[in-house]
Structure formats: structure tokens, C-alpha cells
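What follows is one structure encoded as C-alpha cells, with my remarks underneath.
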Amino acid sequence: MCGIVGYVGHKSVMDILLDGLEQLEYRGYDSSGVAVMCEDEIKVYKAVGKLNNLREELQKHRGEFEKATMGIGHIRWATHGAPTVLNAHPHTCTCGNLVIVHNGIIENYKELREALSKEGCIFRSQTDTEVVAHLVAKKYAQTKDLAAAVREAAKEIEGAYALCVMHNDCKQTLVITKRNAPLLVGIGENEFFAASDVPAIIKHTKKAVYLSDNQIAVLTPEKMVLTDANGQEIKPKIEVLPWEPVALSKMGYKHYMLKEIHEQPDVIRNILVGKLHAPDEDIILNEVKLTKEHLKNLNRIQIIACGTSLHAAMIGKYVIESYCGIAVDVEASSEYIYRRNVTDEHTLVIGVSQSGETADTLTAIKQAKAKGSHILIITNRPDSAMAREADSLVPVNAGIEVSVAATKSYTAQLMAFYLLALYMAEIKASASKEELANLKTELMLLPQKIEQILANTDSIQKCARIYSSTKDFIFVARGINYPTALEGALKLKEISYINATGYPAGELKHGPIAMLDETMPVLSILMKGIVYEKLLSNSEEAKARNARMIALTNSKDAKLDDLFENIIRVPDVDELFSPLVAIVPLQLLAYYIAEFLGKDVDQPRNLAKSVTVE
Ligand code: AGP
């Protein structure tokens with residue numbers, strides 16, 4: 001969480017910083033700040049709330065920084081200390097000569113703060129970050145070399161960080177470093193950019209260097225000097241970023257979320273390109289390095305993920321167990337990392353993450369890797385920390401997802417699981433060729449089916465209007481769509497703040513049914529297949545308790561009209577792929593309700609897109 005951006009070059013720095021921060025708003029948005037090198041000294045400006053508040057604050061000081069060509073900026077998602085101006089970054093040392101911005105968490109900040117306070121440092125904020133400003137300033141006083149000071153300070157810091165540092169003595173020098181948090185350097189003509197993520201710099205350059213842990217880069221307009229933790233110079237590995245700036249536009253949609261929902265048919269088509277050509281041909285996953293021998297020796301698969309990615313993982317379990325005959329466990333990364341889990345070289349560990357940065361999942365992956373497991377990563381960011389840990393990779397090709405609520409990345413993750421399961425089934429010969437060909441035919445038809453849903457949203461919008469005033473909302477399903485119920489509920493609560501819950505419908509009578517009355521909407525995800533009749537009976541039970549019944553269904557069954565007050569119909573589809581078709585109306589329902597309630601759809605309160613703290 002939190003986004004940092006830095007620039008040193010010959011252009012006016014403020015616009016570059018503000019624009020960069022705007023692109024990083026998905027990482028947090030409770031306060032922001034910038035520090036720029038003005039003619040005689042560094043000046044710091046901060047504001048609480050959205051970036052616009054900082055822009056307004058800066059209007060009052062326009063004359064001060066117009067000529068500045070170096071600076072750092074930060075957008076915050078509070079971890080230590082409330083979102084206040086004092087807690088907003090950049091933070092300064094006691095005399096104000098040194099400023100820093102930080103993304104991550106300093107774990108030993110209490111000890112450091114105590115020690116530095118005893119030495120006379122004056123702390124002004126409640127943040128963990130401020131200790132770094134004081135510590136680097138202390139080291140600078142000893143070394144008179146900013147890079148050396150950062151290197152020495154880093155030895156005493158425990159935790160995760162990406163840091164940008166400026167000092168009044170170094171009028172054209174930015175020093176940056178990182179450990180367990182992302183940081184990259186963009187390379188321009190006599191200018192360098194530093195950022196937590198690509199969107200902050202992609203307008204300016206496609207040439208970049210991803211810093212590895214403990215590397216330190218000294219950036220001046222003319223050059224970048226990269227060194228390791230011992231101060232040894234390293235040749236930077238320059239990459240060309242596979243990104244287009246146009247990906248960051250709303251393309252006429254009111255919100256990124258709506259645009260991203262509408263992109264889903266193309267996301268499915270894109271992920272199929274190069275992987276599935278025809279139903280009678282084998283699936284090609286070039287970056288999956290699992291051999292036949294490897295699959296034969298596998299005892300089980302563990303899938304670890306968080307949030308929406310966890311729901312995709314739950315569907316992945318269902319699909320893999322159905323077609324590959326391998327036992328699969330799914331676990332929230334945050335639970336996996338704090339127990340003695342049984343993971344070894346006979347376990348395939350699959351990490352699922354849109355961002356590829358989520359701290360809990362990254363830690364879990366590293367733990368499993370240390371125990372000898374083959375690590376397969378399903379991610380939307382092949383340039384991410386998780387992808388760099390992977391033995392095998394399934395890139396999901398969803399394109400950048402800006403809205404905090406994940407939509408198209410979820411669809412792409414499901415597609416990755418379908419392809420992976422069919423691929424493994426082919427290698428293991430655990431399903432017949434004919435069955436696999438039928439499934440592939442269905443898979444290729446999915447984009448048109450989702451287009452049909454997107455072309456006719458009347459019944460979804462009607463439901464949104466009717467139920468937007470509800471305080472609670474229940475989603476029920478069974479079998480492969482139970483995770484769809486969880487995901488539908490997550491979408492609704494994330495962006496509308498309605499208390500929504502997903503249940504396996506068979507569990508209703510074991511407790512939740514006590515909550516049902518005439519005020520409670522219950523949405524049944526009734527897709528044709530083995531649990532259809534069972535779910536129908538569970539829906540009857542809910543109706544008998546006067547709940548307001550809504551069906552999301554691909555059935556034309558006439559008896560649904562008596563049972564349900566509202567019906568959202570979707571095209572017919574094989575039960576195995578029904579989660580892909582069922583989730584789209586639920587994303588739209590959440591979107592329309594939030595829109596109707598006037599909520600901040602793309603940046604819901606308290607959330608951040610990339611959760612880089614445990
Ligand atoms: C989804 O809408 C969320 N905002 C959130 O649950 C997200 O899926 C979760 O934080 C995991 O992120 P990742 O996929 O980037 O690892």
C-alpha cells in the first residue's frame with residue numbers, strides 16, 4: 001500500500017509528481033504529499049484526503065516551486081497513525097534538511113524511535129516512517145554521503161520498504177532503495193523517474209529498471225549509479241515495459257469499474273490467444289514447467305490467495321479436482337503463513353494474485369518455495385515480485401485494472417484455472433479427449449455469452465434500484481458457484497458498504513435462516529447442473545421465511561416466476577463454466593447499487609488495490 005514517486009531531470013517536477021500520484025491512487029488515498037527542491041531549499045506540501053486536496057493546497061504556493069526540477073511524492077494508506085497532515089509523507093529529520101517518502105512497514109520502529117529520541121531527535125508524527133528520516137540523517141551526519149547514509153541506515157531497519165530520499169546538500173540527487181516492496185526507475189533523456197508501479201511513469205518512458213532488494217540507486221539528471229548492499233556497483237538490467245498509456249483511460253465510461261466489467265469478453269479472448277487454438281488441439285501454456293513426471297509425483301495442490309483471488313482459487317479447486325484427480329486445498333494466504341503447514345516437494349503450490357504484490361501471498365509463496373514445492377503463479381502482473389518467485393507462470397493478460405474492486409482480473413484468473421486444469425488433464429490423461437474437446441468448445445463460446453449479458457442490463461438495473469436501500473444482502477449458491485456467492489457479496493460490500501454475505505445454500509438452515517424476514521433480500525445463483533434442484537429447495541425454504549427472493553439463473557423453468565420476486569437471466573452454459581457467466585451480473589448489480597447510492601465506486605473507503613502489508 002502507499003505509492004511513491006520521484007523525479008530528477010530538467011522538467012517542471014510538480015506536474016510529474018502529481019500526475020504520477022494520480023496514477024498510483026489505487027494504492028491508497030487517505031492523504032498525500034510532495035517535497036521539491038526549490039532554489040534555496042526543499043519545500044514540503046501535504047494534505048489529508050484525496051489528491052485533489054493536495055492540488056488545492058499547492059495552488060496557494062504556486063510561485064515557490066515553478067522552477068523546481070527534482071522532487072518526491074507520496075500517496076498514503078494509513079498503517080501507523082491516523083490520516084492527518086502530520087502523519088502524511090514526506091517526513092523530515094529534526095532540522096528539516098533531509099526528507100523521505102516510504103512505502104511499506106518498518107517493524108522495529110518502536111526500538112529505533114526510542115533510541116533516536118534519546119539522542120535528541122524530535123518526532124512529529126505517529127508513523128513508523130519518520131524513524132527512517134532521522135536514522136538516515138544521523139548516518140549522513142557521520143558519512144556526508146547520502147547513498148552511504150541510506151546503506152548504513154538500511155542495515156538497522158527491519159521490515160519492508162521502498163524509499164526515496166532527498167537532502168538539502170544534494171541539489172540534484174535522489175537516492176532510492178527497497179526491500180520487500182516494489183520500486184522501479186524509469187529512464188528518460190537526461191531524467192530519471194522512480195515509482196512504486198508502472199502507471200506513474202508510463203506516460204514518460206517505457207525503459208525501466210526494477211530494483212532488487214537492498215539495491216541502492218543514486219539518480220542525477222545525467223546518470224543512474226546502482227549499487228548492492230555492500231556498495232559494489234551493478235550494471236542495471238534495463239527492461240522495456242509492455243504497457244500502453246491508453247490502458248489508463250476510462251474510454252468514455254463513468255468509472256473504471258464499469259469499463260473493466262465491459263472489457264471481460266475481450267479479456268477472455270486475449271487469454272485464449274496462443275493458448276487454445278481449436279477444440280481438438282492441445283492447450284499451450286509455455287511458461288508452465290510441470291512435466292508428466294512431475295504431475296505423477298504430486299500428492300496434492302495448495303492454492304493460496306486473498307480476497308477476490310481467493311474466490312477464483314476456490315473455483316480452481318473445483319475444476320482441478322473434477323478433471324485432474326488431484327486433491328486441492330485452498331487457503332487464505334494470511335492464515336497459511338502463521339501455522340505449521342504440511343508443504344513439501346510433492347505439493348504444487350499455486351499463488352493467485354492480480355497485483356502479484358500482496359504481502360501475505362508473497363510471504364506464503366516464499367515459505368512454500370523454501371520447503372521445496374514447485375511454485376506456480378497466476379497473476380495479471382508478469383513483472384511483479386510474485387512472478388519473479390515463480391517456477392511456472394500463467395499470465396492472465398487482463399490489462400491494467402484500475403478500479404479497486406477486482407472484476408476483469410477475476411474473470412481472467414478463472415480462465416487461467418480452466419486452462420491449467422484442462423492442460424494438466426491432457427498431460428495426465430485424466431479425462432477423455434472427447435470430453436476435453438467439448439469443454440474447449442464451450443470455453444471458446446464464453447465471450448459472446450458475456451457480451452449478451454452486457455448488452456441487456458435492464459433486469460440488473462431494476463434490482464439495483466429496488467434493493468439499493470437495503471442494509472443487508474444474502475447471496476446463496478451451491479457447488480461450483482458457492483465462491484460466486486462469496487464474490488458477489490464481496491463486490492457489493494466493498495463498493496456500496498451494504499452488509500452482504502455469501503452462504504452455501506445448504507448451510508442456511510444451520511443458522512443464517514434465523515436472519516430472514518420480509519426485509520432481507522436473498523439472491524440465489526441458480527445455474528443448471530447437479531445442485532440446481534437442491535438449491536431450488538433451499539430457495540423455497542428462504543421464501544417460506546418471507547425473504548425477498550431474487551434469482552440469477554440460466555433456467556427457463558416456469559416455476560421460478562412464482563418463487564422469485566425478481567429474476568436476472570443469463571445465457572445457457574455448461575455448469576463448469578457457469579461461474580464466469582454468473583459473476584458478471586453480480587458485478588453489475590454491485591456497481592449499479594453503489595452508483596445509485598452515490599458512492600466512490602473506483603476508490604471505496606478504507607481500501608487499497610495493492611495490499612503490500614501483512
Ligand atoms: C477485490 O475486489 C479486492 N479489492 C481484494 O479483495 C483483492 O482481491 C485482494 O486484496 C487480493 O489482491 P491480489 O489479487 O492483488 O493479490
Side-chain angles (χ1 to χ4, degrees), residues 1-3 24-29 77 181-182 196-199 255-258 260-261 264 303-316 330-337 350-366 377-387 389-390 394-396 398-417 483-484 486-498 500 502 583-584 586-591 594 599-614:
M1 350 271 276
C2 301
L24 295 179
E25 260 192 315
Y26 72 89
R27 301 179 73 87
Y29 32 79
W77 187 87
S196 314
D197 200 359
V198 176
H255 295 101
Y256 279 109
M257 183 178 176
L258 191 59
E260 287 158 5
I261 291 172
Q264 292 178 109
I303 316 181
I304 38 193
C306 303
T308 290
S309 299
L310 183 65
H311 300 151
M314 292 167 80
I315 293 174
V330 176
E331 193 166 356
S333 319
S334 52
E335 292 300 314
Y336 181 93
I337 56 183
I350 303 180
V352 192
S353 174
Q354 186 283 128
S355 61
E357 263 191 49
T358 303
D360 288 322
T361 310
L362 187 56
T363 307
I365 292 302
K366 287 182 179 170
I377 299 293
I378 295 178
T379 184
N380 195 28
R381 295 296 302 270
D383 54 345
S384 62
M386 259 179 244
E389 292 289 328
V394 183
V396 304
I400 184 162
E401 190 176 64
V402 176
S403 181
V404 166
T407 52
K408 63 174 180 171
S409 62
Y410 175 71
T411 298
Q413 288 167 350
L414 293 187
M415 284 300 293
F417 272 116
T484 311
L486 296 179
E487 178 58 11
L490 179 64
K491 284 289 87 75
L492 185 59
K493 65 188 145 199
E494 273 190 298
I495 61 169
S496 73
Y497 320 141
I498 290 171
I583 193 57
V584 178
L586 299 186
Q587 294 166 343
L588 285 168
L589 181 67
Y591 173 80
K599 302 293 184 205
D600 191 344
V601 173
D602 284 332
Q603 293 180 341
R605 71 183 182 202
N606 304 340
L607 293 177
K609 180 108 189 124
S610 202
V611 185
T612 54
V613 294
E614 278 185 16

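Worth knowing before you read on, the calculation uses all heavy atoms, side chains too, and leaves out hydrogens, waters and symmetry mates. Both counts, for ligands and for their atoms, begin at 1 and track the order of listing.
Near Ser309, meaning under 4.0 Å from one of its heavy atoms, ligand 1 places the atoms 8 (O), 13 (P), 14 (O). Close approach of ligand 1 to Ser353 (heavy-atom distance below 4.0 Å) involves ligand atoms 13 (P), 14 (O), 15 (O), 16 (O). Numbered from 1 in the order shown, with element, the atoms of ligand 1 that lie under 4.0 Å from a heavy atom of Ala405 read 2 (O). Residue contact check: Ala406 has heavy atoms under 4.0 Å from atoms 1 (C), 2 (O) of ligand 1.
Take Ala390 and apply the side-chain contact (heavy atoms from CB on, under 4.5 Å) test, not counting sequence neighbours, and it matches Ile377, Leu393. By the side-chain hydrogen bond (donor to acceptor under 3.5 Å, both in side chains) test, Thr484 is found to be paired with Asn481, residues two or more places apart in sequence or in another chain being considered.
Among Leu310, Leu362, Ile304, the one residue that satisfies the side-chain contact (heavy atoms from CB on, under 4.5 Å) test with Ser333 is Ile304.
If you check which protein heavy atom lies closest to atom 15 (O) of ligand 1, you get Ser355 OG, 2.7 Å. Counting protein heavy atoms only, atom 11 (C) of ligand 1 is closest to Cys306 O, 3.3 Å. Atom 7 (C) of ligand 1 has as its closest protein heavy atom Thr308 N, 4.1 Å. At the shortest separation from atom 12 (O) of ligand 1 among protein heavy atoms lies Thr358 OG1, 3.5 Å. Of all protein heavy atoms, the one lying nearest to atom 10 (O) of ligand 1 is Val611 CG2, 3.9 Å.
With a heavy-atom cut-off of 4.0 Å, Glu494 touches ligand 1 through its side chain alone.
Using a 4.0 Å heavy-atom cutoff, Lys491 is listed among the residues neighbouring ligand 1.
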Before giving the answer on side-chain contact (heavy atoms from CB on, under 4.5 Å), spell out for Tyr591 and Leu586 the whole-Å C-alpha distance, their side-chain angles and the decisive distance to 0.1 Å.
CA-CA 8 Å; Tyr591 173 80; Leu586 299 186; over 6 Å; no

Evaluate Ser309 against Gln413 for side chain to side chain donor-acceptor pair (under 3.5 Å), listing each step before the verdict.
CA-CA 7 Å; Ser309 299; Gln413 288 167 350; 3.0 Å; yes

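Of the polar atoms of Val352, none of the N or O atoms is found under 3.5 Å from an N or O of ligand 1, judged by distance alone. Residue Val404 has at least one N or O atom closer than 3.5 Å to an N or O atom of ligand 1. An N or O contact shorter than 3.5 Å links Gln354 to ligand 1 by distance.
Arg27 and Glu357 are joined by a salt bridge, as a carboxylate oxygen and a charged side-chain nitrogen come within less than 4.0 angstrom of each other.
Side-chain contact between Val198 and Asp383 is present, with at least one heavy-atom pair separated by less than 4.5 Å.
Without hydrogens or angle criteria, Glu260 side chain to Ala406 main chain gives no donor-acceptor distance under 3.5 Å.
Taking CD1 of Ile365 as the reference point, atom CE of Met386 lies at 6.5 Å (rounded to 0.5 Å).
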